[in-house]
Amino acid sequence: MLKKSSLFVCLLLLISSCSDNNETKIERELYEYVSASIRENSDVIAFGSMEIKEIIDKTDYQKIQMLNSIIAPEFAALNSVFGMDTPVYFIVEGPISRQGSPKRVTIFMKVKNPDDLAKELEEERGFLVESQGDIRYAEDNEFILGFRDDLAIAIIQSEEFDAGKLIEEAFLATQGEMSIGKQHKILQTKGDFVIGMNLESLYETSNTSLAQLNDTKQLELEKMTKGSFTQTIVNFNKGNLSVESNNYFSDELKDAMFFSAEKPLKMKSLLSKGKDGAKIVGGFSSNIDITKMEEFYTSYAPDVIEMLNDVTGGLYRFVGAGTVLSKLISGNLGVLALASEDSKDFADGVRVFLGSSEAGKKAFMLMRSEFDMPTGTEFDYVDEGIEILLPMSGHNLNEIKGEKKLKMPNGAEGFGSDGLCGFLNFDQLTYMGLSAEEASILDRFDYARLEGGNDGMKFVLQMKNTNDNFLKQMTQLAMSMVPLLMGGMSL
């Protein structure tokens, strides 16, 4: 009777133990495993996701025989074991080496059937699959792939490691509490490619001149970067590529940002004029709070101050570092590249507006002979600053000079109003010196535009064809160039 009781107790303890183990394995959405993995890891400097299947499908490779024969079989094999309809997530850990390599990259994928994955690795890929508890894994030099149930984790690490221990730790990290706030929000963001940067971890693991700052400044930087993230979203859309960055900064870091919220005065009206028939090819504008910018660089980027001092031959420090530029310029800058109606070059001249104080105008008058300006350059001192009209090499100002109001082209909508704006209109370009094939490539694009401010930036590369996906068009373009690169041989 005692033996039967003892056996019953042992079985009960065994069942209880198995039950406890099952309870510790929490089943989650893939991004939730990642969210838990980064919560307590202060070395994570970047994380995000890639819609690999969507990105590949957007190329429309199935309709290109050569690509389809290469991609389709491999993708079918991957899709048979991994849930490719789900984004692939990743984590990048610092510090970054001097060669640019991170300490570790971890990739998270959804598994359809772990037994099928083990079979694929052993029979089709030639890997040896081993076990660490209930985790199966395979390794090859700096690469490990571990999997359990519906989760696969791949690790790339150049430093020596114990594969079984490392993969076990990676799976254990997925079972903890999930991240909250900005990190979790970034992981939930939809996009073809999404990456979040943890500025706090990036600063703590960096090996830069920031380490030369005194203790007070380093503490200030630590406070600014604490809880601060940037998010970048890349999307391949019908007709364009868009890259959008969002800044999720601490209040202290927001206060230190120096793009001005005030609108620059008369930027467009001052610059968008020229000879009748002239066209605007591209441009750049900025609206910066110079005082805040100098304060930031003086406090936290001494290398920049040293560079300014070298450029000015020691004048910057002599006059007083941290106060020079704000006494001379306002922070409003605009540049437009102009081309005449029958131009055969990219541009015939450049019109510049530099917001300046009276002291800045006087300083510029005294020093302008020191600048290497093209022959024929004209200056005009207006209430808000200095206008400069420069001819390009081989041209004269008569080709573009005039008071005719010129139309701003597509892509220039934010010029002179955002903190930063740059644009290039491909329709206005001339393609002198390019072959017919090269010119036809550029002719597919409409414009490129970059604009933004303290809260983030957005870049758009717009195609003229708005019906087909950007990646499909670029794939077709690349394939059309292959015969040229192969000396005219057909595919």
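What you are looking at is a predicted structure, and each value in this text was computed from that prediction instead of being measured.
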Residues Tyr31 and Gln188: side-chain donor-acceptor under 3.5 angstrom: yes
Ring-ring centroid check Phe147 Phe171, cutoff 6.0 Å: no
Charged N-O contact under 4.0 Å between Asp134 and Arg148: yes
Ionic contact status for Arg104 with Asp43, cut-off 4.0 Å: no
OH-NZ distance between Tyr61 and Lys472, expressed to the nearest 0.5 angstrom: 14.0 Å
Atom pair CZ/CG of Phe296 and Asp289 - distance to nearest 0.5 Å: 13.5 Å
Main-chain N/O of Cys421 paired with Asp418 side-chain donor or acceptor, under 3.5 Å: no
Greater than 12 external heavy atoms within 6.0 Å of Lys292's NZ: yes
More than 12 heavy atoms from other groups under 6.0 Å of NZ on Lys223: no
Sub-4.5 Å side-chain heavy-atom contact between Ser37 and Ile91: yes
Closest contact, heavy atoms only, Ala118 versus Val129: O-CG2, 4.1 Å
Step-by-step side chain to side chain contact (heavy atoms under 4.5 Å, CB included) determination, Leu219 to Glu222: CA-CA 5 Å; Leu219 286 172; Glu222 287 176 15; 3.8 Å; yes
Heavy-atom closest pair, residues Ser250 and Lys182: N-NZ, 4.4 Å
Asn454 side-chain N/O to Phe259 backbone N/O, donor-acceptor pair under 3.5 Å: yes
Check: Val194 and Thr232 side chains under 4.5 Å, non-hydrogen atoms: no
Short side-chain to backbone donor-acceptor contact, Asp192 and Phe236, under 3.5 Å: yes
Step-by-step salt bridge (Lys or Arg N to Asp or Glu O under 4.0 Å) determination, Asp85 to Lys112: CA-CA 11 Å; Asp85 289 329; Lys112 287 183 175 179; over 6 Å; no
Side-chain H-bond candidate by donor/acceptor type, Ser245 with Gln231, under 3.5 Å: no
Heavy atoms from other residues, nucleotides or ligands near NZ of Lys226 exceed 12 (cutoff 6.0 Å): no
Under 3.5 Å: donor-acceptor pair, side chain of Ser285, backbone of Gly416: yes
Exercise: identify the closest heavy-atom pair between Asn235 and Gly191: OD1-CA, 3.4 Å
Ala154 to Met109 - nearest heavy-atom pair and separation: CB-CE, 4.1 Å
Heavy-atom donor-acceptor pair, Thr59 side chain to Ile55 backbone, under 3.5 Å: no
Donor-acceptor contact below 3.5 Å, side chain Arg39 vs main chain Met178: yes
N-O pairing of Lys119 and Asp116 below 4.0 Å: no
Side chain to side chain, Lys238 and Asp468, heavy atoms closer than 4.5 Å: no
From Phe445 atom CZ to Leu241 atom CG, the distance as rounded to the nearest 0.5 Å: 9.5 Å
Reference residue Thr475; test side chain to side chain contact (heavy atoms under 4.5 Å, CB included); the match among Asn469, Leu67, Asp60: Leu67
Side chains of Tyr203 and Gln218 in contact at under 4.5 Å (non-hydrogen atoms): yes
4.5 Å side-chain heavy-atom contact, Leu333 and Leu354: yes
Asn79, CG atom: more than 12 neighbouring heavy atoms under 6.0 Å: yes
Interatomic distance, Leu429 atom CG to Phe346 atom CZ [nearest 0.5 angstrom]: 6.0 Å
Ring-ring centroid check Tyr89 Phe108, cutoff 6.0 Å: no
Considering all heavy atoms, the nearest Thr174-Ala36 contact: O-CB, 3.5 Å
Asp455 side chain near Lys254 side chain, heavy-atom distance below 4.5 Å: no
Glu93 versus Asn41, side-chain donor and acceptor atoms under 3.5 Å: yes
Flag side-chain contact, heavy atom, 4.5 Å: Phe249 against Thr225: no
Whether Gln473 side chain and Asn465 backbone form a donor-acceptor pair below 3.5 Å: yes
Side chain to side chain contact (heavy atoms under 4.5 Å, CB included) assessment of Asn410 paired with Asp427: CA-CA 9 Å; Asn410 288 344; Asp427 248 358; 6.0 Å; no
Glu51 and Lys53: CA distance, side-chain angles, deciding distance, salt bridge (Lys or Arg N to Asp or Glu O under 4.0 Å) verdict: CA-CA 6 Å; Glu51 290 277 6; Lys53 183 178 185 300; over 6 Å; no
Candidate pair Ile56 and Ile71, rule side chain to side chain contact (heavy atoms under 4.5 Å, CB included), full reasoning: CA-CA 9 Å; Ile56 293 175; Ile71 296 174; 4.1 Å; yes
Shortest non-hydrogen contact between Val460 and Lys458, atoms and distance: CG2-CE, 3.9 Å
Test item: Tyr33 side-chain N/O and Arg28 main-chain N/O as donor-acceptor pair under 3.5 Å: yes
Asp215 CG: over 12 foreign heavy atoms closer than 6.0 Å: no
Polar side chain donor-acceptor pair, Ser179 to His184, under 3.5 angstrom: no
Check against side chain to side chain contact (heavy atoms under 4.5 Å, CB included), Val234 and Val243: CA-CA 5 Å; Val234 179; Val243 182; 4.1 Å; yes
Worked verdict on Gln462 versus Asn240 for side-chain hydrogen bond (donor to acceptor under 3.5 Å, both in side chains): CA-CA 4 Å; Gln462 183 67 45; Asn240 69 58; 3.3 Å; yes
Donor-acceptor side-chain pairing of Gln132 and Tyr137 below 3.5 angstrom: no
Aromatic plane relationship, Phe127 with Phe143 - under 30° parallel, 30 to 60° tilted, over 60° perpendicular: tilted
Separation of Leu424 CG from Leu461 CG (nearest 0.5 Å): 9.5 Å
Short side-chain donor-acceptor distance under 3.5 Å, Asn246 and Thr230: no
NZ/NE/NH1/NH2 to OD/OE distance under 4.0 Å, Asp150 and Lys110: no
Nearest-0.5 Å distance, CD of residue Glu159 to OG of residue Ser97: 9.5 Å
Heavy-atom side-chain proximity of Val111 to Val81 below 4.5 angstrom: no
Residues Arg125 and Glu120 bridged, charged N to O under 4.0 Å: yes
